[in-house]
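Numbers restart at 1 for each chain; the letters A, B, ... are given by sequence-line order, proteins then strands.
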Amino acid sequence: MEQINYKIDVFEGPMDLLLHLISKHKLDINDIPIIELVNQYVDYVRQMQEQDFDVAGEFLEMAARLIYIKTVSLLPKHEEAEILKKELTGELIEYRDCKLMAEKLSHQTEGFDRFVRPAQEGYVNYSYERFHEGEELLNAYISAAGRGKRKLPPPIDSFKVIVAKKFVAVATKVNTVMRKLWSGKKVKFLSLFEDAQTKSDMVATFLAVLELAKTKRISIDGSIENPSVQIVNEVKDIEK
Amino acid sequence: MKSNNVLASIEAMVFAAGDPVEPSKLAEVLNIDVENVIKMLGHLQASYDERNSGLRLIRIDGKYQLCTREEYSDEVRGLLEIKKNTPLSQAAFEVLAIVAYNKTVTRSFIEQIRGVDCSGPVSNLVQKGLIEEKGRLDLPGRPLVYGTTDRFLRCFSLNSLEDLPDLPEEAEQKDDSQTSLFDSDDKKDEILKENTENPDGEVTEE
Amino acid sequence: MKSNNVLASIEAMVFAAGDPVEPSKLAEVLNIDVENVIKMLGHLQASYDERNSGLRLIRIDGKYQLCTREEYSDEVRGLLEIKKNTPLSQAAFEVLAIVAYNKTVTRSFIEQIRGVDCSGPVSNLVQKGLIEEKGRLDLPGRPLVYGTTDRFLRCFSLNSLEDLPDLPEEAEQKDDSQTSLFDSDDKKDEILKENTENPDGEVTEE
């Protein structure tokens with residue numbers, strides 16, 4: 001794969017990055033090949049992290065969303081995936097239009113060269129002369145401050161944990177899963193998740209299993225409640 | 001009052017107001033018809049242009065305002081010691097586009113489209129007087145609603161929001177299965193028609 | 001630059017400056033002689049007079065300023081009076097309420113509560129004489145502190161800030177039996193009525 005060398009500040013956010021990937025790889029925005037897009041996106045986010053960028057939460061959130069869409073589209077019945085994909089497509093089109101309009105606006109800024117002046121002073125005393133009820137102030141205060149408990153925006157610090165959280169790559173989980181199955185023994189599906197520490201760990205492990213099953217490197221059987229997983233590999237076949 | 005004097009008094013009032021003035025207010029003060037005032041304003045506009053004045057009378061959203069002619073922006077900046085415009089950021093243009101094309105929106109609506117937090121650019125645009133609060137929504141949290149200002153119209157040389165540029169053709173053709181926020185009304189009808197064959201079209205709106 | 005354009009650019013500069021401008025400053029920006037600028041200003045002055053403009057260029061203390069002609073001062077005053085009497089905006093009301101309920105606040109405090117830049121409404125309220133600067137905080141940046149004025153008390157018929165209606169949050173601490181969102185409407189009316197003696201009610205909903 002070619003070396004990705006984007007600068008993060010080029011992108012206004014995950015939507016911007018997605019549009020970039022779509023146009024760069026000439027994907028059809030109306031029928032996004034979701035797996036391809038997820039791979040591109042996740043690769044890019046990983047690059048950002050490797051280059052020590054302070055990856056914003058929004059990028060990770062989008063990664064999780066894409067992975068979820070990919071997950072449900074790997075299921076045999078994927079109506080949900082279609083809906084989610086449509087939703088994403090709609091949002092991308094909206095944002096693309098937004099960018100187009102922004103672009104157009106940015107070409108007609110000559111009005112910024114017109115200057116106006118404040119009202120002429122000395123004619124009118126601007127002191128306020130209307131009368132109001134105290135209740136109006138109370139209502140205005142409640143509007144402004146909510147119920148006195150309006151949440152102020154959380155401090156930047158509180159995002160550190162989220163932003164710093166390691167984004168678990170499916171690729172690494174493929175290795176982990178393969179290592180567990182290497183002996184050729186059947187392994188309980190659920191046991192693959194035993195050392196998962198985070199949600200994204202579990203999602204990645206699950207995706208890894210799906211990937212491996214899809215490429216027929218492992219087989220899944222047993223009951224739905226308690227399936228087991230086994231490696232399908234030539235070495236084992238020869239030993240037989 | 002002679003008509004010449006009416007013209008001069010309109011000029012004086014528009015100058016003194018600073019902000020854009022409704023012709024109806026001028027008419028109220030002068031006790032004459034609005035139509036008459038608007039005609040006079042037209043004369044005034046023409047006279048500034050004809051004598052190559054450094055000023056011009058512009059019309060914004062049906063209101064009138066005196067401002068300097070853009071040709072002399074360098075000199076005005078020089079005198080006022082204003083640095084050359086720091087151009088708006090990409091984010092600011094995007095937020096402006098969303099606000100302008102939707103007339104009134106909440107910040108969370110903007111953020112939904114852009115997919116990122118927009119408190120910075122929103123605050124910045126409020127500070128620059130390009131968007132302003134238009135009230136609050138009657139929803140939990142009473143979110144603020146923003147709209148564009150007269151200043152926005154002046155800065156982008158628009159008479160009103162109706163004058164906003166249309167979407168480029170190219171874009172419109174490609175995405176006919178989706179209803180975009182930025183579609184013009186007749187475009188939307190088209191989509192509605194098509195949607196009968198393609199009922200999956202519209203899923204993005206709440 | 002042609003002399004015609006020099007004239008126009010001087011006009012634009014004097015207009016935008018608002019305050020009286022020294023010819024030497026204009027000369028500096030245009031990079032021409034002061035004598036030349038003064039001559040141009042004379043031309044400009046004459047041209048305003050000749051065409052019976054509603055404006056005139058006056059000379060004060062060797063400085064130049066554009067202003068309205070005194071013949072039209074009644075009209076100008078009339079218009080500005082109309083403008084002045086526009087009621088407070090929702091934003092201004094909210095800022096005023098925040099200042100009143102907190103006695104003295106900085107602008108950044110107001111902005112933190114409202115979640116948006118408030119420089120517009122703050123300076124508007126200062127101009128209307130409803131709030132005023134009360135000094136500076138001994139903090140980095142020495143931020144200005146604002147408080148309400150006597151005019152504010154008069155406009156809201158209050159003897160002092162102690163007379164402001166109680167806030168519901170204090171009420172919630174005293175008695176939270178009535179804070180349900182699901183209070184029926186007539187219940188709410190009741191509470192509003194009772195509020196003078198019994199400030200515990202839930203009045204946050206509109």
Side-chain angles (χ1 to χ4, degrees), chain B residues 1-2 4-19 21-22 25-26 28-30 44 47 51-56 66-80 82 107 119 122-129 132-136 138 140 142-144 146, chain C residues 1-2 4-18 21-22 25-26 28-31 44 47-48 51-56 66-83 89-92 94 111 114-121 181 204-206:
Chain B
M1 200 182 261
K2 274 183 262 151
N4 188 16
N5 291 354
V6 175
L7 202 67
S9 70
I10 289 176
E11 187 180 20
M13 284 190 277
V14 174
F15 171 87
D19 293 333
V21 187
E22 289 92 344
K25 285 186 181 162
L26 300 172
E28 192 185 326
V29 175
L30 293 169
L44 201 58
S47 89
R51 67 185 167 85
N52 290 317
S53 165
L55 313 181
R56 54 183 295 200
L66 269 179
C67 65
T68 63
R69 217 170 270 277
E70 52 272 28
E71 288 95 303
Y72 307 110
S73 61
D74 287 345
E75 289 83 3
V76 172
R77 282 206 187 87
L79 181 77
L80 302 180
I82 305 172
R107 200 178 84 201
S119 45
V122 165
S123 216
N124 186 257
L125 290 169
V126 170
Q127 212 168 3
K128 289 196 153 80
E132 67 187 358
E133 298 170 27
K134 299 282 189 188
R136 287 180 185 271
D138 211 358
R142 309 263 299 131
L144 284 169
Y146 299 92
Chain C
M1 199 182 261
K2 280 186 250 141
N4 188 15
N5 290 354
V6 175
L7 203 66
S9 73
I10 290 177
E11 188 181 18
M13 282 190 279
V14 175
F15 171 87
V21 189
E22 282 163 45
K25 273 197 138 183
L26 299 172
E28 193 187 318
V29 174
L30 292 168
N31 202 15
L44 203 56
S47 91
Y48 274 107
R51 66 186 166 87
N52 291 315
S53 165
L55 314 181
R56 55 184 290 212
L66 261 184
C67 63
T68 57
R69 211 170 275 277
E70 48 275 28
E71 288 98 298
Y72 307 110
S73 54
D74 286 347
E75 287 85 358
V76 168
R77 196 171 293 117
L79 181 75
L80 296 181
E81 287 287 348
I82 295 177
K83 274 187 56 172
S89 66
Q90 170 72 13
E94 289 183 14
E111 289 172 349
R114 300 201 63 239
V116 68
D117 178 88
C118 294
S119 45
L181 266 174
T204 61
E205 302 292 282
E206 281 199 327

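Residue C/Leu66 comes nearest to B/Phe15 through the heavy atom pair O-CZ, 3.4 Å, listed as atom of the first residue, atom of the second, then distance. In terms of heavy-atom proximity, B/Glu75 sits nearest to C/Met13 at O-SD, 3.5 Å. Taking both residues in full, the closest heavy atoms of C/Asp117 and B/Ser123 are given as N-OG, 3.5 Å, listed atom of the first, atom of the second, then distance. Among all heavy-atom pairs drawn from C/Ala8 and B/Ser53, the shortest one is CB-C, 4.0 Å. Closest non-hydrogen pair, B/Tyr146 versus C/Val116, comes out as OH-CG2, 3.3 Å. In terms of heavy-atom proximity, B/Ala12 sits nearest to C/Gly54 at CB-O, 3.6 Å.
With a threshold of 4.5 angstrom between heavy atoms, C/Leu80 approaches chain B through side-chain atoms but not through N, CA, C or O. If you measure heavy-atom distances from C/Ile82 to chain B, the contacts under 4.5 Å come from the side chain alone. Interface remark: B/Asp19 contributes backbone and side-chain atoms alike to the contact with chain C (heavy atom separation under 4.5 Å). B/Glu22 does not touch chain C: none of its heavy atoms, backbone or side chain, sits under 4.5 Å away. Contact of B/Leu144 with chain C is made through the side chain alone, with heavy-atom distances under 4.5 Å. If you measure heavy-atom distances from C/Glu81 to chain B, you find no contacts under 4.5 Å at all. Looking at B/Arg107, the atoms closer than 4.5 Å to chain C (heavy atoms on both sides) all sit in the side chain, from C-beta outward.
Going from atom CD of C/Glu94 over to atom CD of B/Glu133 covers 6.5 Å, rounded to the nearest 0.5 Å.
Applying the 6.0 Å contact sphere to NZ of C/Lys83 captures more than 12 heavy atoms from other residues, nucleotides or ligands.
The choice from B/Leu79, B/Thr68, B/Val126, B/Val76 that makes the most heavy-atom pairs within less than 4.5 Å of chain C is B/Leu79. With chain B as the partner, the residue from C/Val29, C/Leu44, C/Ile10 showing the most heavy-atom pairs under 4.5 Å is C/Val29.
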